[in-house]
Amino acid sequence: MPHDTSPSEPQPRTHLWPALGRLIRISNQTGTLLLLFPTLWALVLAERNLPSLRLLLTFIAGAFVMRSAGVILNDLADQSFDRHVARTTARPLASGELRRSQAWLLLGLLLVVAGGLVLTLNRLVVTLAPTAVLLAALYPFAKRIVHVPQAVLGIAFGWGTIMAWAAVQERLEAPACCLFGATIAWAIAYDTIYAIQDREDDRRIGVKSAALWFGSWTWLAVGTALAAMLLLLGIAGYLAHIGWSYYGMLFGVGIFFVKQAWELRGAIDPRQAFRMFQAHTWAGAAILAGLVAGFVL
């Protein structure tokens, strides 16, 4: 009699490593990049130049580790919801391919690695680090409470800019606050676009989402958030006395944002929404290039 591998039971041990890879979205690092770019903006702006290789590698590794930990926390919290959403039914925890104990073990290992990275930095960063873990843990529950859980994601991602600034300057300054606010606004925009994929499933199972709350005004909400992001980035650059090329890049990114907001006025299917979401990694890279050019050129 063949072995029963129904979704309610864990898959054989030989499937453990691929399942753990899927648990942390190893094949899709868009989220890691969206977490990483604001921290790199902060490193460059705080340094007024290219950051040291040590800080660069530390924050790249930290972004990967914390994003991986974040998606595990998300899947642990949303396991029952994920079984009822078409896009997420095959996730290792939702399908039963992995046990919760295995996810918790990997999460613990990732947090130990994150802690080790933090301990290589200064005392202020060490003081700020527990808040990053707390925010990552709170975000999965935001969709049960607030209509725009994307703002909580933005706060969690934006905290990386605070830590990056502190890693360079050993104190917090006004440009860091601007970067923090810009990252929150950016996350509201791109994650609202991402949430369009699950709009009908979220409505059916009672999950809160900005894409549901804004409804037909989603295009305006996203456009407003992106405008606020650019304004805050512009103020941060002004306070840091950056060169003109940075503002030229912000203008170019702004054209891209206007195009996206206009596109949202029409019907958007899930695949198109995901492509629009992924495109924000290029916006993050362009802003980073503008920051570097603004100080180097």
Side-chain angles (χ1 to χ4, degrees), residues 32-63 66 117-118 120-129 131-132 135 151 153-190 224-258 280-297:
T32 301
L33 292 173
L34 292 172
L35 172 59
L36 174 62
F37 279 126
T39 66
L40 297 183
W41 302 343
L43 288 177
V44 173
L45 205 61
E47 194 73 61
R48 270 71 169 178
N49 207 323
L50 293 173
S52 70
L53 181 61
R54 180 182 69 85
L55 282 180
L56 187 63
L57 293 177
T58 299
F59 277 90
I60 290 173
M66 284 306 297
L117 291 170
V118 167
T120 67
L121 303 172
N122 62 54
R123 185 176 299 179
L124 179 56
V125 180
V126 173
T127 303
L128 294 168
T131 301
L135 290 169
L153 176 69
I155 294 170
F157 276 28
W159 199 251
T161 65
I162 299 295
M163 293 178 65
W165 192 279
V168 175
Q169 294 289 346
E170 299 190 39
R171 64 182 184 274
L172 298 179
E173 299 172 296
C177 297
C178 292
L179 290 176
F180 180 57
T183 305
I184 296 171
W186 192 30
I188 291 172
Y190 65 63
T224 301
L226 292 173
M229 172 199 176
L230 291 175
L231 176 62
L232 288 166
L233 287 175
I235 295 172
Y238 173 79
L239 293 174
H241 308 290
I242 199 168
W244 64 268
S245 54
Y246 170 64
Y247 299 102
M249 185 62 76
L250 287 186
F251 180 77
V253 170
I255 293 174
F256 163 72
F257 286 164
V258 168
H280 279 263
T281 59
W282 294 105
I287 292 167
L288 178 61
L291 283 163
V292 173
F295 288 119
V296 174
L297 298 183

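The shown structure was predicted, so the numbers you read here are calculated from the model rather than taken from an experiment. Quick note: numbers below take in every heavy atom, side chains included, and nothing from hydrogens, waters or symmetry partners.
The side-chain hydrogen bond (donor to acceptor under 3.5 Å, both in side chains) test applied to Trp159 returns no partner, not counting sequence neighbours. Qualifying side-chain contact (heavy atoms from CB on, under 4.5 Å) partners for Ile242, counting only residues two or more places apart in sequence or in other chains: Leu45, Tyr246, Tyr247, Leu291, Phe295. Not counting sequence neighbours, the partners of Thr32 by the side-chain hydrogen bond (donor to acceptor under 3.5 Å, both in side chains) test are Gln29. Applying the side-chain contact (heavy atoms from CB on, under 4.5 Å) test to Ala285 and every residue at least two apart in sequence or in another chain returns Phe37. When the side-chain contact (heavy atoms from CB on, under 4.5 Å) test is applied to Ile60, the partners found at least two apart in sequence or on another chain are Leu36, Leu56. Here Glu170 pairs with nothing under the side-chain hydrogen bond (donor to acceptor under 3.5 Å, both in side chains) rule; sequence neighbours left out. For Ala189, the side-chain contact (heavy atoms from CB on, under 4.5 Å) test picks out Val222, Ala225, Leu226, with sequence neighbours left out.
Across all their heavy atoms, Pro38 and Leu33 have their closest contact at CD-O, 4.5 Å. Residues Ala185 and Ala228 share a closest heavy-atom pair of CB-CB, 4.3 Å. Smallest separation of non-hydrogen atoms from Met163 and Ala132: SD-CB, 4.0 Å. Minimum interatomic distance between Ile184 and Ala151 (heavy atoms only, all atoms of both residues): CG2-O, 4.1 Å. In this structure, Phe256 and Ala283 approach most closely via the heavy-atom pair CE2-CB, 4.1 Å. Shown here for Leu128 and Ala166, the closest heavy-atom pair between the two residues is CD1-CB, 3.8 Å.
Here Leu124 contributes atom CG and Ile162 contributes atom CD1; the two are 9.5 Å apart, rounded to the nearest 0.5 Å. Expressed to the nearest 0.5 Å, how far CG of Leu232 lies from CZ of Phe180 amounts to 11.5 Å. To the nearest 0.5 Å, the span separating CG on Leu40 from OG1 on Thr161 amounts to 11.5 Å.
Counting heavy atoms from C-beta on, the side chains of Leu231 and Ile235 come closer than 4.5 Å. The shortest side-chain heavy-atom distance between Leu117 and Met66 does not fall under the 4.5 Å cut-off. You'll find the side chain of Leu233 reaches within 4.5 Å of the side chain of Leu179, heavy atoms only. Within the 4.5 Å cutoff, no side-chain heavy atoms of Leu121 are placed close to those of Val126.
Counting only residues at least two apart or in different chains, salt bridge (Lys or Arg N to Asp or Glu O under 4.0 Å) contacts with residues 36-62 are absent. Here side-chain hydrogen bond (donor to acceptor under 3.5 Å, both in side chains) pairs that include residues 173-190, with residues two or more places apart or in two chains, are Trp165-Glu173, Arg171-Glu173, Trp186-His280.
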